[in-house]
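The figures that follow rest on heavy atoms only: side chains count, while hydrogens, waters and symmetry mates do not. Each chain gets a letter, A, B and so on, in the order the sequences are listed, and its residues count up from 1.
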Protein chains: 2
Amino acid sequence: MEDEVDRLVAAWRRERPDLDVEPLEVLSRVSRLARHLDRARRIAFAEHALEPWEFDVLTSLRRAGAPYQLSPGQLLTQTLVTSGTMTNRIDRLAKKGLVERLPDPSDRRGVLVRLTGEGRDRADQALAGLLDQERAILAELSRAQRGELAALLRQLTAPFDNIPG
Amino acid sequence: MEDEVDRLVAAWRRERPDLDVEPLEVLSRVSRLARHLDRARRIAFAEHALEPWEFDVLTSLRRAGAPYQLSPGQLLTQTLVTSGTMTNRIDRLAKKGLVERLPDPSDRRGVLVRLTGEGRDRADQALAGLLDQERAILAELSRAQRGELAALLRQLTAPFDNIPG
DNA sequence: CGCAAGTATCTCGACGTCAAGACACTTCAC
DNA sequence: GTGAAGTGTCTTGACGTCGAGATACTTGCG
């Protein structure tokens, strides 16, 4: 089946036959698919009255394991946002009672963000919903294909994740 | 090589051994890679004094071929933004002299957006720069692997692109 | 010990996006 | 032709993000 990137690449080959546009076959698909996923997630989370950004923060804390707390700096690296954004997110989540700020006992510059009981429940529920939705999207592929795809993507993400950038 | 998603998945398996988190192996990588690509593109385009959103609009028009004009509605479907956003983008690009608005001769509700000569040159230059950067990112993979990856991604994007979403 | 450099977080203003609705024009059925 | 539904674009207000700088504390060197 043809997709929008096939059309996009064909158009470039017509308009700019002098250029090698093969990279777009992969990376434009990644960007566009991410865009579609963002939209789908927004809808899935709405059932749990959560925004995607709230999910990102809550699940980062949830994954940390008991006592479900991380510093704002650790949250930054997990969510790929800037520090100003994270401050704002923590403020809003705290106001909703899903997280709380505690002073870091070992560094008085620092703060720890801890998930509340309600925050934990909401994260768990939303995660289950998200996984259901993602399984439906991935039903296009066989188990083996999903494994291949994951491995190929890992090769591209690893440099970004390991060399700081 | 391990990436951030490997760590993320391992954390979920520890915290929620009851859930099947396999979908994250693919889709979390797509989202995170897209995020990294956004950042890299922003830097690449800065050399040409263009923002990513400007590039998106200008190249959509460029790909359309002479006379390089599309309606705002056609631009919406190509760029995956809302109509209010597109109006705003066209306003700003017009103010910079990179596009111009013309009345649509065949539908008086409509408008056509046309690339100016300078807009076309800027789009062409930025595209070449982007492709160089993307080639560097994709050097992690063999030509055959890139082909495989593109084909697998196409299977996931096609439903979004063909069934209206 | 004392000071400079480094680090963690927060503050602030500018900006881009979105969603919903308004408006103008077109199309289609009767 | 006329009215209703449909379509294409723009307007508006709220919101989230970013980047740069400020602040408070810590670390390491002399």
Worksheet, complete the sentence: Residues A:Leu58 and A:Ala123: closest non-hydrogen pair is CB-CB, 4.0 Å

Item to complete: Looking only at non-hydrogen atoms, find the nearest pair between A:Leu50 and A:Ala126 and report the distance.
Response: CD1-CB, 3.7 Å

Practice prompt. For DNA chain C, find the residues of residues 48-79 of chain B with a heavy-atom distance under 4.0 Å and give them by number; none if there aren't any.
Written response: B:Trp53

Worksheet entry | Residues touching DNA chain C, which here means a heavy atom under 4.0 Å, drawn from residues 81-95 of chain A | A:Ser83, A:Gly84, A:Thr87

Discussion item. Could you check whether any side-chain heavy atom of B:Arg114 comes within less than 4.5 Å of a side-chain heavy atom of B:Leu61, counting everything from C-beta outward?
Written reply: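 No, side chains not in contact.
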
Discussion item. Using 0.5 Å steps for rounding, measure from the CD atom of B:Gln69 to the CG atom of B:Leu75.
Written reply: 11.0 Å

Fill in: B:Asp3-A:Thr157 side chain donor-acceptor pair, cut-off 3.5 Å
yes

Check [Y] with [X], please: is the shortest side-chain N to carboxylate O separation under 4.0 Å?
X        : Y        : value
B:Glu54  : B:Lys96  : yes
B:Arg135 : A:Glu22  : no
B:Asp104 : B:Arg109 : no
B:Arg35  : B:Asp38  : no

Item to complete: Assign a letter to each nucleotide of nucleotides 24-29 of chain C from its 5' end: B, base within under 4.0 Å of a protein heavy atom; S, sugar-phosphate only; -, no contact.
Response: BBS---

Worksheet entry | A:Asp38 CG to C:dT17 P, straight-line distance once rounded to whole Å |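 For the pair A:Asp38 CG and C:dT17 P, the rounded distance is 14 Å.
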
Item to complete: Report the distance from atom CG of A:Leu102 to atom P of C:dA8, rounded to the nearest whole Å.
Response: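 Nearest whole value for this atom pair: 18 Å.
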
Discussion item. Does B:Arg143, at its CZ atom, have more than 12 non-hydrogen atoms belonging to other residues, nucleotides or ligands within less than 6.0 Å?
Written reply: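 No.
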
